[in-house]
Amino acid sequence: MAKISVVVPVYNVEKYLCRCVDSILAQTFSDFELILVDDGSPDKCGAICDEYTKKDSRVYVIHKENGGLSDSRNVGIKWAIENSDSEWIAFIDSDDWIYEKYLEILLDGIYKYNCNIAVCDFTLTSGDTPSLDNGSLTYQVWKTEDFFCERVVQAVSAWAKIIKKTDLKSIRFPKGIIHEDEFVTHKILFKHDKVVYIDLGMYFNQQREDSITKSQWTPDKLITIEATKQKLDFFSQNGYKKAELYCETLLFHNIQRNINGVIESGNNDYAKQYLKKLYRQRKAIFKKCLRHKSFSFKKNKWEFEMVYPRIMKIYWIVNSKFSFVRKVGKK
């Protein structure tokens with residue numbers, strides 16, 4: 001059977017679905033199966049998926065009641081484990097698409113460098129297919145902890161990867177929440193001590209105005225704080241000190257993004273209910289960050305300004321006056 005199981009959750013993406021599926025079926029590496037999970041989509045996606053089974057024997061369709069992105073991925077994982085002897089698994093979102101040599105290059109990196117997970121860069125696009133020069137691609141073998149700290153966006157996304165299927169036997173995506181990747185992907189990465197990374201944006205990420213990342217702040221977005229806290233606990237419990245320290249700084253920035261979101265929402269009810277708690281959380285994690293050797297006033301003035309705006313206002317006034325005096329003195 002197929003070497004790679006490609007899982008695509010499908011929901012309300014009639015406009016983008018064919019582009020996604022066609023890019024997968026056109027891969028130069030052809031030994032794969034495509035599992036389309038129709039998550040009770042209200043548009044024509046279910047029918048489009050069924051049409052593809054008539055065109056290509058590598059396509060399998062699962063129709064299910066709506067349960068969300070995580071539930072669809074989990075159904076795809078379960079099917080691949082129970083019905084296929086594939087060795088690898090890849091996740092692709094149905095409004096995104098991939099470079100024609102995506103599977104070939106990722107799998108090549110795995111075999112060349114004896115890794116169990118391969119990750120590539122991604123390209124943000126509003127709909128045009130980027131032009132890539134695969135002659136300039138480079139393979140980089142990273143220690144997993146270093147990769148997480150240096151390439152966190154690639155490290156926490158489920159897509160732009162090929163993963164060892166056996167690594168998913170005991171791991172599933174949490175249902176009913178947004179940003180589900182952030183609860184899971186690090187656990188998969190850290191099953192192994194190294195990652196092969198391809199520095200080429202082969203995964204084309206569709207930028208949509210109605211996407212979760214661009215939507216107005218709601219309390220649901222607080223889940224990103226919980227996800228970061230869980231990553232922090234994972235690294236602490238498993239002795240990944242560098243990742244733990246990095247995650248503390250990540251948590252500070254995550255809390256600050258939520259504070260900004262609450263303020264920008266312009267809803268006083270949100271402000272009263274959430275801001276005070278978020279300010280306390282920010283100050284608590286900031287004090288932890290101060291213990292880091294890499295976290296200093298010189299490098300992290302922005303963070304200091306967020307927590308101590310009044311003190312920093314005095315600092316900027318005094319600093320500007322001294323700068324002016326020094327310039328005049330040199331003249």
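The structure presented is a predicted model; accordingly, all values stated were derived computationally and were not measured.
- Ion pairing between a basic and an acidic side chain is recognised when a charged N comes within 4.0 Å of a carboxylate O; Asp108 and Lys101 show no such pairing.
- Looking at Val13, Asn12, Val10 one by one, the single match for side-chain contact (heavy atoms from CB on, under 4.5 Å) with Asp95 turns out to be Val13.
- A salt bridge between Arg291 and Glu248 is present, with a side-chain N of the basic residue lying under 4.0 Å from a carboxylate O of the acidic one.
- When the side chains of ILVMFWY residues are joined at heavy-atom separations under 4.5 Å, either directly or via intervening members, Phe235 and Leu245 end up in two distinct hydrophobic clusters.
- In this structure, Glu145 does not pair ionically with Lys241, as no charged nitrogen and carboxylate oxygen lie closer than 4.0 Å.
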Audit row: Asp167, His192, side chain to side chain contact (heavy atoms under 4.5 Å, CB included) steps and yes/no
CA-CA 10 Å; Asp167 288 345; His192 308 286; 2.5 Å; yes
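- Asp233 and Gln237 share no side-chain donor-acceptor pair at under 3.5 Å.
- A continuous path of Ile, Leu, Val, Met, Phe, Trp and Tyr side chains, each step under 4.5 Å between heavy atoms, connects Tyr246 with Phe183, placing both in one hydrophobic cluster.
- Using modelled atom types, no side-chain atom of Gln140 and backbone atom of Asp199 make a donor-acceptor pair closer than 3.5 Å.
- One N or O on the side chain of Asp56 and one on the backbone of Arg58 form a donor-acceptor pair closer than 3.5 Å.
- Between atom NE2 of residue His179 and atom CD1 of residue Ile225 there is a gap of 11.0 Å, rounded to the nearest 0.5 Å.
- In the hydrophobic clustering of ILVMFWY residues, with side-chain heavy atoms under 4.5 Å counting as a link, Ile35 and Leu69 come out apart.
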Before giving the answer on ring pair (Phe, Tyr, Trp, His ring centres under 6.0 Å), spell out for Phe204 and Phe122 the whole-Å C-alpha distance, their side-chain angles and the decisive distance to 0.1 Å.
CA-CA 6 Å; Phe204 306 139; Phe122 62 94; over 10 Å; no
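- Here the side chain of Thr228 pairs a donor or acceptor atom with the backbone of Thr224 at under 3.5 angstrom.
- In this structure, a donor-acceptor pair under 3.5 Å is present between the side chains of Asn258 and Trp217.
- Using a 30° and 60° split on the angle between ring planes, Phe234 and His186 fall in the perpendicular class, above 60°.
- A side-chain donor-acceptor contact under 3.5 Å links Asn66 to the backbone of Asp39.
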Between Asp96 and Cys20, does the side chain to side chain contact (heavy atoms under 4.5 Å, CB included) criterion hold? Intermediate values first, please.
CA-CA 6 Å; Asp96 298 334; Cys20 174; 5.9 Å; no
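- Salt bridge status for Lys54 with Glu51: present, with a side-chain N to carboxylate O gap under 4.0 Å.
- Using the six-membered ring where Trp is involved, Trp142 and Tyr197 have ring planes that are perpendicular, over 60° apart on the 30 and 60° scheme.
- In this model, no donor atom of one side chain and acceptor atom of the other lie less than 3.5 Å apart for Ser5 and Trp88.
- Under 3.5 Å, the side chains of Ser23 and Glu100 contain no donor-acceptor pair of N or O atoms.
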Report the C-alpha separation of Val8 and Val21 in whole Å, then their side-chain angles, then the decisive distance to 0.1 Å, and conclude whether the side chain to side chain contact (heavy atoms under 4.5 Å, CB included) test is met.
CA-CA 9 Å; Val8 179; Val21 175; 5.7 Å; no
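- A salt bridge does not link Lys165 with Glu87: every distance from a Lys NZ or Arg NE/NH1/NH2 to an Asp or Glu carboxylate oxygen is 4.0 Å or more.
- Note on Asp85 versus Lys3: no salt bridge recorded, every NZ/NE/NH1/NH2 to OD/OE distance being 4.0 Å or above.
- For residues 45-71, the set of pairs meeting the ring pair (Phe, Tyr, Trp, His ring centres under 6.0 Å) definition, not counting sequence neighbours, comprises Tyr60-Trp79.
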